[in-house]
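Numbering starts at 1 and runs along the sequence shown.
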Amino acid sequence: MGSWALLWPPLLLTGLLGRPPGAVAQVQYCSVNKSIFEVEENTNVTEPLVDIHVPEGQEVTLGPLSTPFAFRIQGNQLFLNVSPDYEENSLLEAQLLCQSRGTLVTQLRVLVSVLDVNDNAPEFPFTTKEIRVEEDTKVNSTVIPETELQAEDKDKDDILFYTLQEVTAGASDYFSLVGVNHPALRLDRPLDFYERPNMAFRLLVRDTPEENVEPSHTATATLVLNVVPADLRPPWFLPCTFSDGYVCIQAQYHGAVPTGHTLPSPLVLRPGPIYAEDGDRGINQAIIYSIFSGNVNGTFVIHPDSGNLTMARSVPRAMTFLLLVKGQQADLARYSVTQVTVEAVAADGSPPRFPQSLYRGTVALGAGAGVVVKDAAAPSQPLRVQAQDPEFSDLNSAITYRITNHSHFRMEGEVVLTTTTLTQAGAFYAEVEAKNTVTSGTATTVIEIQVSEQEPPSTAMPGGGPSEDKRFSVVDMAALGGVLGALLLLALLGLTVLVHKHYGSRLKCCSGKAPEPQPSGCDNQAFLPDDEANWAPAPSPTSDAKPAEAPPTPAEPAPPGPAPPGSAPEAPAAAGAGGSPAAVRSILTKERRPEGGYKAVWFGEDIGAEADVVVLNTPTLDVDGASDSGSGDEGEGAGPGRGPHDEPGGDDSYI
């Protein structure tokens, strides 16, 4: 045992050098001063790794055990030929063979350990992952396992850190990750399909604990979770008087039918027709309807799909039906029941009534058969003629309509249609008869249908296109405006001529200029001749008339207002004594004298109130003449009704 121990060192040295120890002094071998190196991956090493000592007469080459293409020998130096990549090869080996004349003398091994560097970003095996989650999933359940959400990092020693970021607001209240290094998705609170039918998240992974560490790499992926509704709620009869999404206080229905009659159409119920829907609207199972109880004598029938309630037979007397109607899901999983109250009430059989005695419609000239008559008040809508039963609105559906007196039009339900091409414009009147097929009551109304040249314009909707009413072009409107302007001008000219003809003298008076002198002896133009006069009787003179003084030339008075038709101007004073038969009175007329003042007309006291007023000539009184006429001597020798100035050519006029 001891001798073997002494032989181990020489044998070991012989295995390493390939020569017996005693031959070291005689033969020289290849050598390197360092055989193991460490290099970071992705490093481009341009300097030689090591210098190889090669004895004279020997040469060194790379052996077959060397890492392919990783090294090269230039001269007696070993170079790294590539940029090492830890993920491809973490250990590089160079086998050095020293030979002398083809005989192997020495073999050496140089090892390069590649150091890992964080140079790769983690990667998810998916970009978007969409999964379905049942609405009734238990809280704290794992929705997506960790293995399905893990990212991969080629840097084998990296530890990955995960973060879940919500895309849908409030989604993080429902889901979270099990841990920062364990990306399993967990449910944190109960799901509600109606509140949040789907949610989205952004899953972030990082290969460093913190973002500000360099180098650091990240990756993201999207998670979409669609909530699948679970069958949690029974059918609900609508409308719900209260609902919070989980519970519905459902409707009960009420209606009435007439006794002795069978309604031909479904009953009109309050607050609406019988209708139920699946409480889980996401599942939305079809509902099957049936009458559960209360259907005395099988009076009513309910349609299993629509829920329409109709009468199978009439009710002979007044009574109340309490029907329990069942709505069940088509999969028979859940159902609910509601109550329908129907009262049978005695009916008087009143005839139907039209809300209008006259309806107005319009249709285009040349319209063919089958054209709908439009409502004149709303040309975009069809004219509807509808009668109503005064007692039961349910009987409205039993009313039929027909036109009794016109072959160009017919009724189709409540709408009026043409039966032939309309070739004549004008208004057509048609009588419409409404008949209740249940009670046999009838009523009539009248339709006025205006057949026009153009189709009535349709009412443009807000935000719609331009109006289609093109009955009048711009040229037509311009021509119409020119004609109306010419007519207005002619009317103004005619009015000017009439005003000048009848009120020319007054306009001259008011203009402030004295009118031109009129020839002596002309009639007062303010009065008409006897054959054209149409005056009312003049008032009788008063008994306390005073002598009239000569009228002075008055200042320009304001124009008198219009007097009542037929009235005479008031006399200023009597010309003589009240009791004298020769006494006369004078009044001023509206005619001005050329030399200033107003013309006067004289009246005798013995002239009655019924006497006509006649103008003899234009008075041209001067101051002396006016004074003489007021003296008491002027009545001597004069006959009744005559004065001192009654001779021809006198200055005063007498009546």
Side-chain angles (χ1 to χ4, degrees), residues 233-243 247-281 284-350 352 386-401 413-414 434-441:
R233 306 166 184 84
W236 293 343
F237 284 95
L238 302 181
C240 296
T241 57
F242 170 80
S243 176
V247 177
C248 168
I249 300 178
Q250 57 192 8
Q252 294 188 355
Y253 304 93
H254 301 270
V257 296
T259 58
H261 300 286
T262 302
L263 299 180
S265 57
L267 273 63
V268 178
L269 303 175
R270 302 184 309 274
I274 298 173
Y275 178 73
E277 66 177 17
D278 191 348
D280 301 299
R281 293 191 296 274
N284 199 25
Q285 278 281 324
I287 306 301
I288 300 174
Y289 303 92
S290 61
I291 298 178
F292 191 71
S293 66
N295 192 11
V296 179
N297 298 327
T299 305
F300 300 98
V301 176
I302 191 168
H303 194 281
D305 297 326
S306 66
N308 288 334
L309 189 66
T310 57
M311 296 184 70
R313 54 180 51 86
S314 63
V315 182
R317 56 183 176 83
M319 60 183 300
T320 300
F321 294 85
L322 299 177
L323 306 177
L324 292 182
V325 174
K326 177 181 178 181
Q328 187 172 27
Q329 294 178 186
D331 59 2
L332 307 181
R334 297 178 183 274
Y335 73 91
S336 59
V337 176
T338 190
Q339 180 173 285
V340 180
T341 302
V342 181
E343 296 184 5
V345 183
D348 296 334
S350 300
Q386 184 182 38
Q388 299 176 351
D389 188 276
E391 296 178 317
F392 291 95
S393 58
D394 302 77
L395 294 176
N396 292 343
S397 60
I399 299 176
T400 60
Y401 303 89
E414 301 169 357
K435 182 178 181 179
N436 191 322
T437 57
V438 175
T439 63
S440 300

**Q.** Donor-acceptor contact present, side-chain N297 to main-chain T299, <3.5 Å
**A.** no
Q) Which atom names give the shortest non-hydrogen contact between W236 and S336, and what distance separates them? A) N-OG, 4.4 Å
Q) Is any side-chain heavy atom of Q328 less than 4.5 Å from a side-chain heavy atom of P235? A) no
Q: Would you indicate whether the side-chain heavy atoms of P258 and L263 approach each other to under 4.5 Å?
A: yes
(Q) Test your reading of the model: is there a side-chain donor-acceptor pair from T259 to the backbone of A344, 3.5 Å cut-off? (A) no
Q | Non-neighbouring partners of A312 that pass side-chain contact (heavy atoms from CB on, under 4.5 Å), sequence neighbours left out | A | V301
Q) Quick check: does any side chain N or O of D389 sit under 3.5 Å from a backbone N or O of N396, one acting as donor and the other as acceptor? A) no
(Q) Checking side-chain contact (heavy atoms from CB on, under 4.5 Å) between F321 and each of I291, V340, V315, which is the one that passes? (A) V315
Q: Please say which of N308, L323, L309 ends up in a side-chain contact (heavy atoms from CB on, under 4.5 Å) with I302.
A: L309
Q) Looking at F292, does the NZ or CZ of K326 lie under 6.0 angstrom from its six-membered ring centre and within 45 degrees of the ring axis? A) no
Q: Output yes when a side-chain donor or acceptor of Q250 lies under 3.5 Å from a complementary backbone atom of V337, and no otherwise.
A: yes
Q | F300 side chain near L267 side chain, heavy-atom distance below 4.5 Å | A | yes
**Q.** Note, Y253 side chain near P271 side chain (heavy atom, < 4.5 Å)
**A.** yes
Q: For A434 and I399, work out which heavy atoms get closest and say how close.
A: CB-CG2, 3.8 Å
Q. If you look at every heavy atom in V438 and P264, which pair is closest and at what distance?
A. CG2-CD, 3.6 Å
Q | Shortest non-hydrogen separation from T262 to R313 and the atoms involved | A | OG1-C, 3.6 Å
Q: Just say parallel, tilted or perpendicular for the rings of Y289 and F237, cut-offs at 30° and 60°.
A: tilted
Q. Does a side-chain heavy-atom distance below 4.5 Å link T341 with Q252?
A. no
Q. Can you find a pair of side-chain heavy atoms, one from P266 and one from P273, that are under 4.5 Å apart?
A. no
Q: Spell out, as yes or no, whether a donor-acceptor pair under 3.5 Å connects the side chain of T437 to the backbone of A398.
A: yes
Q) Which heavy atom of G413 sits nearest a heavy atom of Y401, and at what distance? A) O-CD1, 3.3 Å
Q) Is there a donor-acceptor pair closer than 3.5 Å between any side-chain N or O of R334 and the backbone N or O of Q329? A) no
